[in-house]
Amino acid sequence: MRHPAFVTEGLTRVYGEGHAAVHALRGVDLTIPEGELVVLLGPSGSGKSTLLNIIGGLDRATEGSARFRGQELTTMSDAALTRYRRDHVGFVFQFYNLMPSLTARENVELVTEIAANPMDPGEALALVGLGERADHFPAQLSGGEQQRVAIARAVAKQPDVLFCDEPTGALDSKTGRAVLGVLSDVNAELGSTVLMVTHAAATAAMAHRVIHFADGRIREVVENATRLPAEEIEW
Amino acid sequence: MSPLDAKLLRDLWRMKGQVAAIAAVLAVSVMLLVMMRGLVVTLTETRDAYYERYRLAEVFAPVARAPERLVDRLAAIPGVASAQGRVTGRALIDVAGMALPVQAQAVSLPGAGEAALNDIFLTDGRRPAPERAEEILLLESFAEAHGLRPGDSIEATMNGRRHAFRITGLALAPEFIYTTAPGEMVPDAARFGVIWMGRDALAAAYDMRGAFNEALMTLTRDARPEAVLAAADRLLAPWGGRGAYARDDLPSDIFVSEEIDGLRAVSVAVPPIFLAVVAFLTYIVIGRMVQSEREEIGLLKAFGYTGREVAGHYLKFVLVIGALGAALGCVLGIIAGRWTVDIYQQFYKFPFLVFRLDYAAFAIAVIFALLAAATGALFVLRKVFALAPAEAMRPPAPPDYSRASRIGGRAARLLDQPTRMVIRRVTRQPWRMAGAAVGIACGFALSAAMLTVMAGFVRTVDMTFDLTDRSDVSVTFTHAVGARTLHEIARLPGVQRVEGVRHVPVIFRAGRKTHQGALTALPRNPALFRALDARTAPLALPQDGVLLSRTLASILDLSAGDTLTVEVREGAQPVLRLPVAGVAETLLGAPAYMELAALNRALGEPGRVSGAHLMVDEAQAEALFADLESRPAVAGIGRKQAARDSLVEMMNQGVGMQRFVMGGIAFVIAFGIVYNAARIAFAERARDLASLRVLGFTTGEAGFVLLGELAVVTLAAIPLGALMAWYLAHAIAAGFASEIYQIPVVFDPASFGIAALVILGAALFSGWLVRRDLARADLVAALKTRD
Ligand SMILES: Nc1ncnc2c1ncn2[C@@H]1O[C@H](COP(=O)(O)OP(=O)(O)OP(=O)(O)O)[C@@H](O)[C@H]1O
Ligand SMILES: [Mg+2]
């Protein structure tokens with residue numbers, strides 16, 4: 001039997017302790033099948049980024065279990081987590097997070113350098129419509145362009161799973177749609193499992209599956225019978 | 001190129017000022033190490049090769065007059081490989097244009113052949129023919145100083161008789177690498193000569209036919225030198241042996257060896273200070289870098305770069321700086337080494353002196369440079385490993401100023417807002433501020449200490465020439481003469497005052513400690529040449545007993561009230577038991593003083609003197625010198641001013657140069673630290689400062705906030721540095737001190753003042769550089785950056 005991409009059981013994350021403790025996750029049970037495009041919705045502070053960080057191997061759970069293709073992540077050593085991120089995961093962060101001292105192409109190369117089966121960096125940039133701007137530094141790019149470089153960087157390694165934390169948060173509707181289009185293409189053409197956090201509820205229409213988050217818990221999971229192509233998303 | 005390496009290069013370029021400042025400090029320390037170790041190797045190897053190739057004797061045994069047959073008995077001493085006798089004597093050379101005849105040593109040439117000891121290196125012309133008594137060789141440096149060349153003629157006085165000579169060649173010799181006029185410290189090519197001539201001719205001049213007055217010996221591998229010296233002394237005692245000594249007591253060798261030891265000591269002591277400063281600098285610079293690049297580090301980790309790969313990136317950054325500094329330092333070290341060798345060649349007469357690299361020092365310097373840079377970084381890189389990737393995705397919380405000293409209401413109202421910002425910052429990061437202050441203090445201490453030591457050197461000169469010796473001229477006699485000679489001299493026109501002195505070669509013994517030296521006997525209440533106490537007040541000479549110089553007292557481990565044995569090496573060679581009456585402060589040599597009449601009583605030779613100190617009327621000096629020279633009893637005439645001049649000249653050339661070098665080094669260190677501290681403060685606060693400007697503060701006011709803390713650190717560093725300098729100066733002076741001279745450490749305000757000015761200059765310069773950047777800063781860009 002094929003494993004789902006992710007299975008979590010009773011996943012809990014507490015920041016701080018005692019009085020000041022913040023319960024970011026309060027027992028999350030979740031299954032994400034391989035190859036799906038999943039959208040995570042929820043109010044600010046509800047724990048979406050926290051969940052993404054834990055199953056992305058960036059942070060550790062306080063309690064519970066999280067498995068990637070059957071492998072337990074919560075008990076992995078730091079070195080094993082590093083390998084996991086290196087071999088399987090791509091990230092697009094809320095704040096672009098480009099290296100300011102590297103050009104767009106070099107930012108992409110940063111990842112292709114250590115990937116097993118990468119795309120050509122130029123190709124990845126062309127995919128996000130920035131083939132012409134490959135030699136520009138982040139400071140010379142607009143916010144939307146920077147975000148697209150970040151996406152090119154994430155997809156260039158052809159990851160098994162792609163985590164996107166509010167990839168369109170800072171973008172206008174047109175650019176936002178273009179970015180969503182790229183993510184949906186990656187999901188369709190490379191077969192990557194895509195997990196996307198967003199505040200734009202309309203985006204849910206393009207997902208296979210929509211997870212509603214509130215107060216550190218899953219409130220509801222909706223599977224879309226029909227999906228809208230990215231270009232038709234209402235902003 | 002990998003993208004991380006691209007980042008590395010761009011970071012290096014972006015931070016080029018800081019990179020250059022650190023590399024400069026590193027380069028200076030590597031330069032010192034490479035130069036000094038190279039000089040140690042150069043001097044040691046050249047000296048050893050020179051000694052070996054020209055068969056410099058390992059034991060010297062001066063004697064009044066010993067028959068030639070004694071040579072075989074010396075050669076038979078167990079441990080002696082070979083022995084030879086030779087004739088030496090003091091001579092006065094007449095040189096056109098010099099008022100005073102030049103003091104010289106005449107030495108008989110070794111016979112031809114492989115085994116000849118103390119051979120010479122002929123630089124020009126040919127050796128004298130054995131049968132030609134008028135042919136001589138001259139010491140090359142002396143001949144050059146007077147424009148004398150092979151074929152020229154000179155006249156010299158030997159044993160009171162005038163001789164005409166012809167120069168057939170010029171030479172150098174391993175026993176005359178460093179030559180000074182008798183009783184002086186600094187070589188002056190023009191004022192001391194060496195004459196080599198055939199043994200027979202010289203023997204005739206000094207009544208030494210069939211005899212020798214110095215034995216030269218080499219030793220076998222397993223020889224015990226002390227035993228050989230003792231045996232030679234026993235053998236020569238009946239013939240007026242003056243005490244055999246080993247090669248390392250040969251004056252020329254003492255000077256060369258002291259120089260090598262001094263270089264070695266400094267090469268071990270000084271570079272570590274710089275390396276510590278470099279470690280500190282990389283610590284703060286990399287610390288700042290990692291701090292501001294937390295997100296990038298987190299990002300790299302999120303992508304799957306291992307902690308080791310990320311840390312390696314920063315390590316590479318410092319290693320590039322280390323390599324830059326080391327490479328620059330090696331090049332500078334070679335240049336400085338060559339340049340110093342050129343200076344050495346003015347003082348040390350080697351036939352060849354080529355700066356040789358100590359490859360081990362090269363390797364050590366490079367390794368230490370990289371280590372120093374890496375050490376600073378390693379403290380920081382632990383943080384890189386510890387950084388969780390998710391943690392790094394959040395910008396750091398604003399630094400918590402709540403615990404920084406709360407300035408009381410009253411005081412707060414007196415201080416304006418910018419001043420309070422300065423104070424809060426200083427008190428918030430006390431350790432980093434303290435580190436910067438200590439680093440700057442090191443730079444200050446190093447230069448202030450070196451300057452203080454040099455000032456001490458000047459004091460040595462002043463004390464010796466103004467206080468101890470107040471005469472104008474000193475005269476040495478060929479042998480101990482009676483009081484009548486003094487009276488004659490006193491009556492010569494131009495002589496204002498005469499004081500007799502008697503030098504007697506002796507061996508001092510106290511317990512198991514011995515020292516070969518001389519007793520200096522002075523009249524009861526001397527006016528021209530005096531023994532001084534620590535406060536430079538004249539010491540009364542004891543009725544019986546000796547005053548030891550501090551150096552000699554420490555060599556023999558004696559203090560006032562102890563008794564020592566003095567074996568006189570002259571005349572009847574009595575052995576005296578003398579109480580130590582006191583300790584005198586002398587900075588040159590290791591003399592022992594006695595009352596003249598008491599010494600003569602002990603020797604059973606009343607009224608004898610071996611020399612005289614004179615006060616003369618300058619106007620009649622020339623005629624007086626001519627008169628003195630014509631007297632058979634006069635072996636040498638020395639003018640104090642000339643001795644002083646050559647000392648001062650050496651200070652200005654070698655030591656004086658060092659003053660600038662040390663100042664430069666202090667500047668580099670202070671600049672390296674202040675500039676880096678300023679850059680970091682600027683980077684950390686670019687946003688605050690931009691905000692201040694947006695709120696309506698002028699660049700000047702914003703600059704005050706930035707530079708105020710640097711001013712505080714720099715000012716704190718100066719008193720700390722002064723304290724460190726004081727101890728460092730004592731350590732350096734102790735390292736330099738030798739039997740030849742001591743350096744008094746006296747607080748010298750000028751030294752500290754110059755060092756402080758250099759530090760302040762460096763601080764102002766780096767402040768100005770940063771302030772310039774502040775004025776140019778793009779407000780929008782500064783506000784946009786997230787940290
Ligand atoms: N390092 C931390 N220390 C303490 N509390 C934290 C930390 N990181 C997150 N939190 C808290 O955990 C909770 C969940 O945070 P998280 O970032 O997952 O929310 P989110 O759903 O991503 O919100 P947003 O939509 O605003 O990005 C919040 O209440 C937040 O304040
Ligand atoms: Mg979030």
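Reminder, nothing fancy here: chain letters follow the sequence lines and each chain counts from 1.
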Other residues, nucleotides, ligands: >12 heavy atoms within 6.0 Å of Arg14(B) CZ: yes
Is the side chain of Arg10(B) donor-acceptor paired with the backbone N or O of Ser101(A) at a distance under 3.5 Å, no angle test? yes
Verify the neighbour count for atom CD of Gln140(A): are there more than 12 heavy atoms of other residues, nucleotides or ligands below 6.0 Å? yes
Output for pair (Asp78(A) CG, Thr306(B) OG1), nearest 0.5 Å, gives 11.5 Å
Which atoms of Arg153(A) approach chain B - backbone, side chain, both or neither, heavy atom under 4.5 Å: side chain
Considering residues, nucleotides and ligands other than Glu309(B), do more than 12 of their heavy atoms fall under 6.0 Å from its CD? yes
To the nearest 0.5 Å, what is the distance between CZ on Arg86(A) and CZ on Phe303(B)? 12.5 Å
Relative to chain B, which segment of Phe137(A) carries a heavy atom at a distance below 4.5 Å: side chain, backbone, both, or neither? side chain
Please evaluate residues Leu58(A) and Lys301(B) with respect to the criterion side-chain contact (heavy atoms from CB on, under 4.5 Å), reporting the C-alpha separation (whole Å), side-chain torsions for both, the decisive distance (0.1 Å), and the verdict. CA-CA 8 Å; Leu58(A) 294 179; Lys301(B) 286 191 162 186; over 6 Å; no
Just wondering, more than 12 heavy atoms not from Phe213(A) lying within 6.0 Å of its CZ? yes
Quick one: are Tyr305(B) and Thr82(A) in side-chain contact, heavy atoms under 4.5 Å? no
Part of Glu293(B) within contact of chain A (heavy atom distance under 4.5 Å): neither
Within-4.5 Å side-chain heavy-atom neighbours: Pro100(A) and Glu296(B): yes
Is chain B contacted by the side chain of Glu109(A), its backbone, both, or neither, given a heavy-atom distance below 4.5 Å? both
Per-residue contact mode, Pro159(A) against chain B (heavy atom under 4.5 angstrom): neither
Enter the distance from Lys7(B):NZ to Glu106(A):CD here, rounded to the nearest 0.5 Å. 12.0 Å
Are side-chain heavy atoms of Met99(A) and Leu300(B) found at a separation under 4.5 Å? yes
